[in-house]
There are 2 protein chains.
Amino acid sequence: MGAATKAPRGRMDKRQAILAAAFAEFAARGYAQAGVDEVAAAAGVAKATVYNHFGDKETLLREAIAASAEQATAKNLAAVERLVDTGGDLRPVLEDVGLRLIQCYCDEDSWALRRLLYAELAHLPDLLEIVQVRAAERVQRALADRLARLALAGRLGVTDPDAAVEHLSALLTGPLEARARWGTRRLPVKEMREVAAAAVDAFLTLYGRK
Amino acid sequence: MGAATKAPRGRMDKRQAILAAAFAEFAARGYAQAGVDEVAAAAGVAKATVYNHFGDKETLLREAIAASAEQATAKNLAAVERLVDTGGDLRPVLEDVGLRLIQCYCDEDSWALRRLLYAELAHLPDLLEIVQVRAAERVQRALADRLARLALAGRLGVTDPDAAVEHLSALLTGPLEARARWGTRRLPVKEMREVAAAAVDAFLTLYGRK
DNA sequence: ATGTTTTTAGACTCATGAGTCTAGTTCTGA
DNA sequence: TCAGAACTAGACTCATGAGTCTAAAAACAT
């Protein structure tokens with residue numbers, strides 16, 4: 001009973017359907033342009049039900065974003081999990097993890113989430129905390145932990161894991177904005193693999209075992 | 001007479017004032033939430049004048065974004081101009097240019113422009129071309145040109161200037177999103193300098209003269 | 001079985017804001 | 001000096017969409 005956000009009202013299946021529909025609608029049209037009627041219709045639910053569950057449009061947006069961020073984080077963490085010391089060459093492992101992280105980043109919902117975040121940040125500043133706490137920071141930490149372990153095992157020349165994560169994720173995701181045209185172009189896997197390979201190559205030059 | 005976007009109507013000073021006010025209003029509240037009345041008031045102009053100049057709200061957004069992108073590009077290009085071979089050590093020159101590019105990136109208007117772009121990309125896809133053609137690509141090209149020159153002069157180990165630019169800008173701007181909390185936190189210059197130094201350090205490790 | 005909660009369709013209120021219109025005023029150029 | 005364009009204040013129309021309400025139906029709990 002510690003959390004203040006507890007006590008979800010109404011039936012859970014409806015709630016989920018509404019959240020999914022809401023995220024899709026908000027992502028497609030933006031907060032202001034999105035219509036609660038459309039959300040209800042897409043969720044197969046009456047408009048009053050939406051209001052029974054979430055109270056108002058703004059709360060609906062927050063909850064939809066939070067849920068989406070949660071999903072995105074889960075995928076990202078699953079990718080980071082695979083960064084383990086197999087005993088063999090590190091490069092292919094890093095490339096595999098890099099590719100998976102890139103795939104998370106380029107996911108349709110992931111672009112939509114970032115778009116929404118950017119779009120509404122100006123008048124709903126608390127969205128940042130929701131997403132940052134639930135998603136970005138957790139992934140960064142998990143990745144830093146893994147790099148620290150590899151460094152401790154003498155497999156990497158990393159002294160500051162946070163700085164290394166900053167560089168690695170910059171190298172991985174930096175090139176994607178332009179290449180994917182800010183989410184309007186679908187990257188072929190081949191191209192993702194190239195970016196991952198280039199990023200890992202640079203990373204190993206910077207942080208490879210000395 | 002080649003461009004289709006020619007024939008600006010009305011007095012120029014009013015037009016500029018409207019564009020500036022419009023960008024501020026759109027940036028602060030988003031396209032849908034922004035009010036044409038507010039723009040007119042902020043520009044010190046009657047609403048009818050706004051419509052006389054731009055016809056409708058959507059056109060106003062496009063023109064405001066285009067103008068802002070133009071300004072941002074000018075600043076970025078000015079920074080890139082400073083990347084010249086002084087004969088001395090390259091590192092301080094790169095750090096200076098890096099810092100200036102970071103300052104452009106962290107400019108209030110620059111964050112606002114990216115926010116708007118992300119926000120409205122979903123329903124106004126042609127905004128991308130406006131900004132990409134006017135801003136992003138031109139800066140990238142200019143930077144690649146400079147790197148190519150330095151490489152040719154034997155000052156850098158760059159073989160593919162475009163790839164080098166991709167890495168350099170990733171290293172420079174990648175860490176900024178998180179550190180500046182997506183534009184909601186003002187970065188102290190000290191921190192910008194750190195990021196620039198770290199980026200240049202990595203860049204020189206990757207592309208320094210062999 | 002029966003009382004409580006949730007859902008439903010759809011009509012309804014009400015605030016907001018884009019875009020128009022009018023009639024009078026100021027610029028500007030020839 | 002004067003005609004035509006650009007500007008002004010402010011009232012006006014009209015579409016849109018958030019949020020409410022109602023009375024009836026399903027779903028659920030015990």
Side-chain angles (χ1 to χ4, degrees), chain A residues 5-65 67 116 119-120 122-124 126-127, chain B residues 5-65 67 116 119-120 122-124 126-127:
Chain A
T5 327
K6 275 293 154 294
R9 315 173 41 117
R11 275 173 39 185
M12 266 323 198
D13 54 338
K14 303 279 178 185
R15 190 184 175 85
Q16 294 307 325
I18 295 168
L19 281 176
F23 183 78
E25 172 77 5
F26 285 135
R29 324 243 312 251
Y31 175 71
Q33 317 263 31
V36 177
D37 297 86
E38 275 67 32
V39 171
V45 140
K47 181 157 70 150
T49 305
V50 175
Y51 281 95
N52 178 41
H53 276 271
F54 298 100
D56 63 4
K57 195 184 175 187
E58 203 176 298
T59 305
L60 180 57
L61 175 71
R62 267 184 249 276
E63 302 262 1
I65 282 186
L116 265 178
E120 312 305 337
H123 57 102
L124 301 177
D126 61 304
L127 285 183
Chain B
T5 326
K6 276 294 155 292
R9 316 171 40 111
R11 275 173 37 183
M12 266 321 197
D13 53 338
K14 303 279 177 182
R15 189 183 176 86
Q16 294 307 323
I18 295 168
L19 281 175
F23 183 78
E25 172 78 5
F26 285 135
R29 323 241 316 248
Y31 175 69
Q33 318 263 31
V36 177
D37 297 87
E38 274 69 31
V39 172
V45 140
K47 183 155 72 149
T49 304
V50 175
Y51 281 96
N52 178 42
H53 276 272
F54 298 102
D56 63 4
K57 196 184 174 186
E58 204 176 298
T59 305
L60 180 57
L61 175 71
R62 267 185 250 275
E63 303 263 2
I65 283 186
L116 265 178
E120 312 306 337
H123 56 102
L124 300 177
D126 61 304
L127 285 183

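So that the names make sense, note that chain A is the first sequence line, chain B the second, and so on, each numbered from 1. Everything numeric here is computed off the predicted structure, so don't read it as measured data.
- Place A:A48 and A:Y31 on DNA chain D by their nearest nucleotides, and A:Y31 ends up nearer the 5' end.
- Under the side chain to side chain donor-acceptor pair (under 3.5 Å) criterion, B:Q33 pairs with no residue, sequence neighbours left out.
- Rounded to whole angstrom, the span from the CG atom of B:D37 across to the P atom of C:dT20 amounts to 13 Å.
- Residue pairs meeting the salt bridge (charged side-chain N to carboxylate O under 4.0 Å, His left out) criterion with at least one member in residues 17-31 of chain B, sequence neighbours excluded: B:E25-B:R29.
- B:A40 comes within 4.0 angstrom of no nucleic acid atom, judged by non-hydrogen atoms across all strands.
- The backbone N or O of A:Y31 sits less than 3.5 Å from a side-chain atom of A:K57, completing a donor-acceptor pair.
- Using a 4.0 Å heavy-atom cutoff across all strands shown, B:G44 reaches sugar-phosphate atoms only and no base atom.
- At whole-Å resolution of the value, CZ in B:R11 and C1' in C:dG29 are 14 Å apart.
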Subject >> A:T49 vs A:N52, side-chain hydrogen bond (donor to acceptor under 3.5 Å, both in side chains): CA-CA, chis, key distance, verdict >> reply: CA-CA 5 Å; A:T49 305; A:N52 178 41; over 6 Å; no

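- Following rounding to the nearest Å, B:I18 (CD1) and D:dA6 (P) show an atom-to-atom distance of 13 Å.
- A straight line from CD of B:Q33 to P of D:dT16 spans 18 Å, rounded to a whole angstrom.
- A donor-acceptor contact under 3.5 Å is formed by the side chain of B:K47 with the base of C:dG19.
- Between A:K57 atom NZ and D:dG17 atom C1' the separation is 8 Å, expressed in whole Å.
- Using a 4.0 Å heavy-atom distance criterion, A:A32 is classed as making no nucleic acid contact.
- Here the P atom of nucleotide C:dA18 and the CZ atom of B:R29 are 9 Å apart, to the nearest Å.
- Two residues are said to be in side-chain contact when any heavy atoms from C-beta on lie closer than 4.5 Å; A:L116 and A:L127 fail this criterion.
- Protein atom CD of A:E38 is 9 Å distant from nucleotide atom C1' of D:dG17, rounded to whole Å.
- Among the nucleotides C:dA18, D:dT20, C:dT6, the one closest to the side chain of B:V36 is C:dA18.
- For B:T49, no side-chain nitrogen or oxygen approaches OP1 or OP2 of D:dA6 to under 4.0 Å.
- When the P atom of D:dG17 is taken as reference, atom CG of A:L60 falls 16 Å away, rounded to whole Å.
- For the OP1/OP2 pair of D:dA6 and a distance below 4.0 Å, the side-chain nitrogens and oxygens of B:H53 include no atom meeting the criterion.
- Counting any heavy atom pair closer than 4.0 Å across all strands shown, A:K14 reaches sugar-phosphate atoms only and no base atom.
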